[in-house]
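Written out below as structure tokens is the structure these notes cover.
Not measured: the values here are computed from a predicted model. The residues of the chain are indexed from 1 along the displayed sequence. Just follow the structure's listing: the first ligand is 1, and inside any ligand the first atom is 1.
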Amino acid sequence: MSDFRRDGEATLAWVADYLERVRELPVMSRVKPGQVRESLPAAPPDQGEPFEALLRDLDEKILPGITHWNHPRFLAYFANTGSEPGILAELLAATLNVNAMLWSTSPAATEVEELAVDWLRQLVGLPDGLHGHIEDTASIATISALAAARELRPGGTVLASEQANFSVEKAARLVGLPYRPLPVDDDFRLRPEAVAAEIDGAAAVVATSGTTSSTAVDPTPEIADLCARADVWLHLDAAYAGSAAVCEEFRWALAGAERADSIVINPHKWLFTPMDCSCVWTRRPEAFFHAFSADPEYMPDRDADVTDLKDYGPALGRRFRGLKLWAVLRCYGRAGLQELIREHVRLAQLFASWVEETPGWELVGRHDFSVVCFRREGSDEENQAIVDRVNESGEAFLSGTRLEGRFVLRLAVGNARTTESDIARVWELLREAG
Ligand SMILES: *Cc1c(COP(=O)(O)O)cnc(C)c1O
């Protein structure tokens, strides 16, 4: 154990140093395929090695192959944050190493998970009385929701906007339901009349709050009306924008959520919780239970007084994910979360204003949250070349997407360490590259 303390102190020092110096590292890894693997022994050692050998390789061989998601100028996809309370809570969760498949296999893990998810429910203003739990990703949360919906309408279609995340189509495929993407309006929002035309024969409609390309918010209240009338399951995918609802001024992003049958929000996206943590709530837990409960002989008899979370999702084994979410919500508090979210939105709006007032550049779509889609006048190839040049500089990392058939650049603020000068530097790099 003396080695453990020494290695532990060295590791924690490494973590603290990393968080201090990550800003100086090239954001995007530029290793060639196979380079990291070739730099490491192909076969395991016969005799165990000291942990410090691993820390050495981490610096010399692993870090070059890391794209630094915790870098303040990581602005690609949906930028995220491994926050300090989240990092420490992950260490504690690994130490306890419980498997929270049943309440009885570690009562506190189930109860803290349910409590943390309920705290988040309160923070984003969802109604009381929902059943909530944590899955690893929104992909799995959506698979769970569609499996629950299938219990009520086997064989029905899954409807979603053509801007919905690919995980929705994948989930439909996995639960064996046909998938139909539907058209969007000029702001990339699902058209309710398209839903109305297809609702007969649907098993579920998936509305998105904050689509992955342009962060559009589908008209969930209108879609909820249609679902209620046809008795069709409504799943709200708020993986990204749901976190914004921690601030009252963004509660509109969850309008209609109180009528959804299931809702997913990813704290590992824009709520400073390390990968992986996706919260799912439902007002129809019995449908989830039907889809997922099983009582094999090697499990103790069911205890009617408690919730066994294995009965609400695909996995049996369950990590103590609630601990890191609880840690983040406690250590930031409502005010701390609001401050960061507001700052991210402010930075994105500031960036959008620079794009708007600069000749030769244009905004594409709305930018209600912390993501801005934009492009330089010119061809798709020229715009791709701009983002490639910025990313190769190592100073920042952005991604692109396609909207209305055109390639657009996309700036996503979401790291807790991003400052106004980071955004200003990125704008400088973009203009130089353009
Ligand atoms: C990111 C995202 C997903 C997928 O999330 P995972 O947790 O990576 O599975 C699903 N839907 C939307 C709207 C997203 O933005």
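Within the 6.0 Å centre-distance limit, the rings of Trp252 and Phe369 are counted as a close aromatic pair. Taking the six-membered ring where the residue is Trp, the centroids of Tyr312 and His131 are separated by under 6.0 Å.
Between the side chains of His68 and Asn70, no donor-acceptor pair is found at a separation under 3.5 Å. A side-chain donor-acceptor contact under 3.5 Å links Ser262 and His235. A donor-acceptor contact closer than 3.5 angstrom is absent between the side chains of Thr105 and Asn99.
Residue contacts with ligand 1, taken as heavy atom pairs separated by less than 4.0 Å, involve Ser139 via backbone and side-chain atoms alike. Only side-chain heavy atoms of Asn165 come within less than 4.0 Å of ligand 1; its backbone N, CA, C and O stay farther off.
Across Gln163, His268, Lys170, Lys269, heavy-atom proximity to atom 15 (O) of ligand 1 is greatest for Lys269.
The shortest N or O to N or O distance between Phe78 and ligand 1 is not below 3.5 Å. The shortest N or O to N or O distance between Asp237 and ligand 1 is below 3.5 Å. Checked by distance only, ligand 1 and Thr208 stay at 3.5 Å or farther apart across all their nitrogen or oxygen atoms.
A heavy-atom separation below 4.0 Å is not found between Thr211 and ligand 1. Using 4.0 Å as the threshold, Gly210 has a heavy atom nearer than that to some atom of ligand 1.
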| said: Could you go through Gln122 and Asp118, starting from their C-alpha distance and side-chain angles, then the distance that decides it, and tell me whether this counts as side chain to side chain donor-acceptor pair (under 3.5 Å)? | reply: CA-CA 6 Å; Gln122 295 173 49; Asp118 195 63; 3.1 Å; yes
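Closest protein heavy atom to atom 6 (P) of ligand 1: Ala138 N, 3.5 Å.
Taking every heavy atom of Thr212 and a limit of under 4.0 angstrom, the matching atoms of ligand 1 come to 12 (C), 13 (C), 14 (C), 15 (O). Within ligand 1, counting atoms from 1 as listed, the ones closer than 4.0 Å to a heavy atom of Ala239 are 2 (C), 11 (N), 12 (C), 14 (C). Less than 4.0 angstrom separates some heavy atom of Ser167 from each of these atoms of ligand 1: 10 (C).
For Glu339, the CD atom sits in a loose shell: 12 or fewer heavy atoms of surrounding residues, nucleotides or ligands are nearer than 6.0 Å.
Using cut-offs of 30° and 60° for the angle between ring planes, the Phe74 and Phe397 rings count as perpendicular.
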